[in-house]
Amino acid sequence: AQSVAQPEDQVNVAEGNPLTVKCTYSVSGNPYLFWYVQYPNRGLQFLLKYITGDNLVKGSYGFEAEFNKSQTSFHLKKPSALVSDSALYFCAPTRWGKLQFGAGTQVVVTP
Amino acid sequence: GAGVSQSPSNKVTEKGKDVELRCDPISGHTALYWYRQSLGQGLEFLIYFQGNSAPDKSGLPSDRFSAERTGGSVSTLTIQRTQQEDSAVYLCASSLVGGPGTGELFFGEGSRLTVL
């Protein structure tokens, strides 16, 4: 069975400060790992993915994520948050093509 | 169109009625998914179609829920004898399987179902 945990329901950060959204997973073998974002009243959008190779993955809108196999983590990061980054973020590991999404973390960036 | 299309965008129905939700995936995408997002909840996996393989129905919450995918393209999610707890946004997504695009899902805007 595979599972994913996003331990924080909400992350609050001031604009310009670094943003981290945590994700840990439990997937046997070598998983594919994804981050998706859901802006208010909009559909989900792909942010980035890790398949293999460099543990630091860069994605859309200045986001990046670091794959840590020993800690089974795939935390999402942005060096300098913007108010427009306020959204719901989902981590999703997969190994068999079926993405199992985490509960999501609400990010609130204040001016 | 270029994206995943879902219809209707909004559906209000009475308890006990049947509803059908439609999804038009991106042309050429072999994988199609249905998810459900309830208010304040995460994304709940419902069903997954991949090519001509038998679908993964492991997420369907009850036998009132069913889905089919005709011709490897359009999919319909049917909910029979709707209950108030079925109220949610039903999201469809499609993806390529295999190659660099593996796993990247493209989501539709969703169908918001309200059961009175």
Side-chain angles (χ1 to χ4, degrees), chain A residues 1-10 21-23 25 27 29-54 57-60 63 65 67 74 87-107, chain B residues 1-7 9-10 23-26 29-51 53-60 67 88-112:
Chain A
Q2 60 184 48
S3 67
V4 54
Q6 293 183 241
E8 299 152 319
D9 292 336
Q10 182 164 315
V21 186
K22 296 179 180 177
C23 172
Y25 64 90
V27 175
N30 297 314
Y32 296 173
L33 298 159
F34 297 80
W35 276 99
Y36 285 79
V37 60
Q38 187 175 33
Y39 296 103
N41 300 314
R42 293 176 60 181
L44 276 86
Q45 299 176 31
F46 167 81
L47 262 185
L48 51 78
K49 67 181 177 184
Y50 172 83
I51 304 295
T52 186
D54 194 347
V57 177
K58 294 188 182 296
S60 307
F63 282 93
F67 170 61
F74 190 55
L88 187 57
Y89 291 81
F90 292 96
C91 180
T94 184
R95 188 156 180 257
W96 305 114
K98 178 182 78 179
L99 266 68
Q100 196 78 23
F101 287 85
T105 298
Q106 184 70 47
V107 169
Chain B
V4 177
S5 177
Q6 291 188 245
S7 61
S9 55
N10 274 288
C23 174
D24 255 301
I26 293 173
H29 281 193
T30 56
L32 186 146
Y33 307 73
W34 283 98
Y35 289 88
R36 178 168 72 174
Q37 187 174 27
S38 303
L39 186 63
Q41 300 295 313
L43 287 163
E44 177 186 7
F45 166 78
L46 297 178
I47 189 168
Y48 164 50
F49 296 88
Q50 170 46 37
S53 302
D56 178 347
K57 303 180 182 180
S58 59
L60 295 178
V89 177
Y90 289 82
L91 295 167
C92 177
S94 69
S95 75
L96 289 168
V97 176
T102 295
E104 179 181 340
L105 270 61
F106 293 81
F107 282 84
E109 294 292 319
S111 293
R112 181 177 298 277

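Note on naming: letters A, B, ... go to the chains in the order of the sequence lines (proteins, then strands), and numbering restarts at 1 for each one. Keep in mind that what you see is a predicted model, and the values were worked out from it rather than measured.
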Side chain, backbone, both or neither: which part of [X] has an atom under 4.5 Å from a heavy atom of chain A?
X: B:L43; answer: both
X: B:Y35; answer: side chain
X: B:Q37; answer: side chain

Quiz item: Under the salt bridge (Lys or Arg N to Asp or Glu O under 4.0 Å) test, which residues partner B:E109, sequence neighbours left out?
Solution: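 With neighbours one apart ignored, the set is empty.
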Exercise. Using non-hydrogen atoms and a 4.5 Å limit, figure out which bit of A:Q38 sits close to chain B: side chain, backbone, both or neither.
Key: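 Contact with chain B is through the side chain of A:Q38 alone.
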Quiz item: Do A:F101 and B:Y33 make the cut of ring centroids closer than 6.0 angstrom?
Solution: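 No, the ring centres sit 6.0 Å or more apart.
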Exercise. Work out which heavy atom in A:F34 is nearest to a heavy atom in B:E104; give both atom names and the distance.
Key: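 Taking A:F34 first and B:E104 second, the nearest heavy atoms are CE2-N, 3.7 Å.
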Quiz item: With under 30° as parallel and over 60° as perpendicular, where do the rings of A:Y50 and A:F67 fit, or are they tilted in between?
Solution: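 Geometry flag for A:F67 against A:Y50: parallel rings.
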